[in-house]
There are 2 protein chains.
Amino acid sequence: MATTELAVTISDAEWRVMRIVWTLGQADSRTIIDLLEQQHDWKAPTIKTLIGRLVKKGALGTTKNGRQFIYTPLIKEQAAMDGALLNELDQMCAMHRGTSLVHVMEQTELSKADVQNLIDCLAKKLPTAPEMVDCDCLPDGCEGSCES
Amino acid sequence: MATTELAVTISDAEWRVMRIVWTLGQADSRTIIDLLEQQHDWKAPTIKTLIGRLVKKGALGTTKNGRQFIYTPLIKEQAAMDGALLNELDQMCAMHRGTSLVHVMEQTELSKADVQNLIDCLAKKLPTAPEMVDCDCLPDGCEGSCES
DNA sequence: CAATTAAGATTACATTTGTAAACGAAGGGA
DNA sequence: TCCCTTCGTTTACAAATGTAATCTTAATTG
């Protein structure tokens with residue numbers, strides 16, 4: 001049985017740090033601090049705190065390199081992204097998720113390949129898609145019209 | 001110039017309360033408390049606190065009904081959902097958003113109509129979709145391979 | 001009318017998060 | 001060898017959040 005790795009929760013600010021490390025593959029604190037100081041008005045100690053918290057949370061791993069550390073991602077970027085989005089979606093009314101996804105699509109820039117993948121994925125779902133998805137906001141089930 | 005209504009932020013626990021009110025259209029505290037006590041192990045005072053915070057945040061409005069209040073949503077459910085998802089997506093690497101949306105689609109139950117709407121929306125995007133969306137994790141732009 | 005109940009308001013308290021200063025040890029240069 | 005730079009660690013502190021007890025007041029009931 002593999003270690004049940006319960007999804008690490010990454011806060012908004014921490015997310016910025018992770019993106020740097022994910023993109024570079026690995027990085028020492030100097031690099032992370034330099035890059036983030038350019039993108040935000042964060043002071044170096046702020047970024048150090050974020051790095052420290054990510055290490056404690058198990059999102060970043062460390063390798064000693066002389067006096068310093070080299071940080072590497074311990075969680076996958078795509079998995080973190082998928083998890084965060086699904087998490088958010090899961091706490092919303094099941095009946096309205098589809099509409100929300102349409103709105104999100106409309107406002108998100110996607111590459112041709114992404115659009116094609118999405119179309120393929122949806123085409124595959126179409127045959128087995130239910131006629132409707134019920135609201136799950138009330139204990140029993142929502143028969144109301146869900147005005148909003 | 002209309003009042004720039006800066007998106008109200010709703011926390012996870014508060015989200016549960018909003019869903020009840022959105023679904024019912026309006027509700028008094030007794031109703032909200034009864035329903036939520038069934039879904040969670042929350043005590044009545046906990047729910048009262050959440051309701052109070054939502055009123056203060058401007059997410060719920062009140063109408064006096066005798067000694068009690070009737071709560072109504074001041075923000076639209078669909079708008080709140082769209083905003084929360086876009087917010088989450090916006091803080092992620094632009095290059096990987098498409099893939100994440102594919103994964104989200106795969107794991108979300110959608111009605112036939114939703115699937116069709118999504119397909120239509122995507123079909124419309126396809127012609128103008130860029131060949132690729134660049135990573136925006138680094139200050140300048142990410143030319144790296146973005147291993148993750 | 002007195003005692004109980006219920007509704008909303010006030011207070012409480014630990015944890016997480018954003019944001020950062022201060023500190024201690026290890027190297028590098030004068 | 002002695003100071004200064006750096007890195008990582010410790011401490012700080014306010015706001016947001018999860019979770020709830022207590023209090024005040026007005027209404028319900030016997």
Side-chain angles (χ1 to χ4, degrees), chain A residues 6-21 26-72 80 83-84 87-88 90-91, chain B residues 6-21 26-72 80 83-84 87-88 90-91:
Chain A
L6 18 157
V8 184
T9 305
I10 296 168
S11 78
D12 286 9
E14 288 164 359
W15 203 272
R16 307 306 301 200
V17 176
M18 290 306 293
R19 285 178 63 183
I20 298 285
V21 185
Q26 65 171 62
D28 56 27
S29 67
R30 180 92 318 266
T31 306
I32 298 173
I33 289 170
D34 286 347
L35 292 174
L36 285 177
E37 277 183 331
Q38 282 180 250
Q39 304 181 306
H40 309 274
D41 316 333
W42 293 344
K43 309 293 180 225
T46 299
I47 302 169
K48 290 182 184 181
T49 298
L50 295 173
I51 293 174
R53 287 180 185 166
L54 285 166
V55 171
K56 187 185 313 179
K57 284 185 180 181
L60 287 181
T62 57
T63 312
K64 205 123 203 140
N65 173 236
R67 63 214 128 272
Q68 301 186 199
F69 282 134
I70 296 199
Y71 299 96
T72 46
N87 230 24
E88 197 74 31
D90 272 352
Q91 97 181 324
Chain B
L6 18 158
V8 184
T9 305
I10 297 168
S11 78
D12 286 9
E14 288 163 359
W15 202 272
R16 308 306 300 199
V17 176
M18 290 306 293
R19 285 177 63 183
I20 297 286
V21 185
Q26 66 170 62
D28 56 28
S29 67
R30 181 92 315 270
T31 306
I32 299 173
I33 290 170
D34 285 348
L35 291 174
L36 284 178
E37 277 182 333
Q38 282 180 251
Q39 304 182 307
H40 309 275
D41 317 332
W42 293 344
K43 309 290 179 227
T46 298
I47 302 168
K48 289 182 185 180
T49 298
L50 294 174
I51 294 174
R53 288 180 184 167
L54 285 166
V55 171
K56 187 185 312 181
K57 283 184 180 182
L60 287 181
T62 57
T63 312
K64 211 134 202 131
N65 172 235
R67 63 214 130 274
Q68 301 186 196
F69 282 134
I70 296 200
Y71 300 95
T72 47
N87 230 25
E88 197 74 31
D90 272 352
Q91 98 181 322

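All of these numbers come straight from a predicted model, not from anything done at the bench. By convention in this document, chain letters (A, B, ...) are assigned in the order of the sequence lines, proteins followed by strands, and residues within each chain are numbered from 1.
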A.B. asks: If the sugar-phosphate is the primed atoms plus P, OP1 and OP2 and the base is the rest, what is the B/S/- string for nucleotides 8-18 of chain D, using protein heavy atoms under 4.0 Å?
C.D. replies: BB--B----BB
A.B. asks: CD of A:Glu37 versus C1' of C:dT19: gap in Å, rounded?
C.D. replies: 13 Å
A.B. asks: Using salt bridge (Lys or Arg N to Asp or Glu O under 4.0 Å) as the criterion, list what pairs up with B:Lys43, not counting sequence neighbours.
C.D. replies: none
A.B. asks: Roughly how many Å is it from CG in A:Asn65 to P in C:dG27, rounded to a whole number?
C.D. replies: 12 Å
A.B. asks: Write down the distance between CG (A:Leu36) and C1' (C:dT19), rounded to a whole number of angstrom.
C.D. replies: 14 Å
A.B. asks: Rounding to a whole Å, what distance do you find between A:Arg16:CZ and C:dT19:C1'?
C.D. replies: 16 Å
A.B. asks: Identify the heavy atoms of A:Ile10 and A:Lys57 that sit nearest to each other, and give their distance.
C.D. replies: CA-NZ, 4.3 Å
A.B. asks: To the nearest Å, give me how far apart CG (A:Asp34) and C1' (D:dT6) are.
C.D. replies: 12 Å
A.B. asks: Would you say that B:Met18 contacts B:Leu60 through its side chain, given a criterion of any heavy-atom pair below 4.5 Å between the two side chains?
C.D. replies: yes
A.B. asks: Strictly by side chain to side chain donor-acceptor pair (under 3.5 Å), give each pair with a member in residues 29-40 of chain B just once, sequence neighbours left out.
C.D. replies: B:Arg16-B:His40, B:Asp28-B:Thr31, B:Arg30-B:Asp34
A.B. asks: Please lay out, stage by stage, how A:Val55 and A:Phe69 fare under the test side chain to side chain contact (heavy atoms under 4.5 Å, CB included).
C.D. replies: CA-CA 11 Å; A:Val55 171; A:Phe69 282 134; over 6 Å; no
A.B. asks: Send over the distance from A:Leu54 CG to C:dG18 P, rounded to a whole Å.
C.D. replies: 10 Å
A.B. asks: Under 3.5 Å, is there a donor-acceptor pair between the side chain of A:Trp15 and the main chain of B:Gln91?
C.D. replies: yes
A.B. asks: Whole Å only: how far is the NZ atom of B:Lys43 from the P atom of C:dA6?
C.D. replies: 17 Å
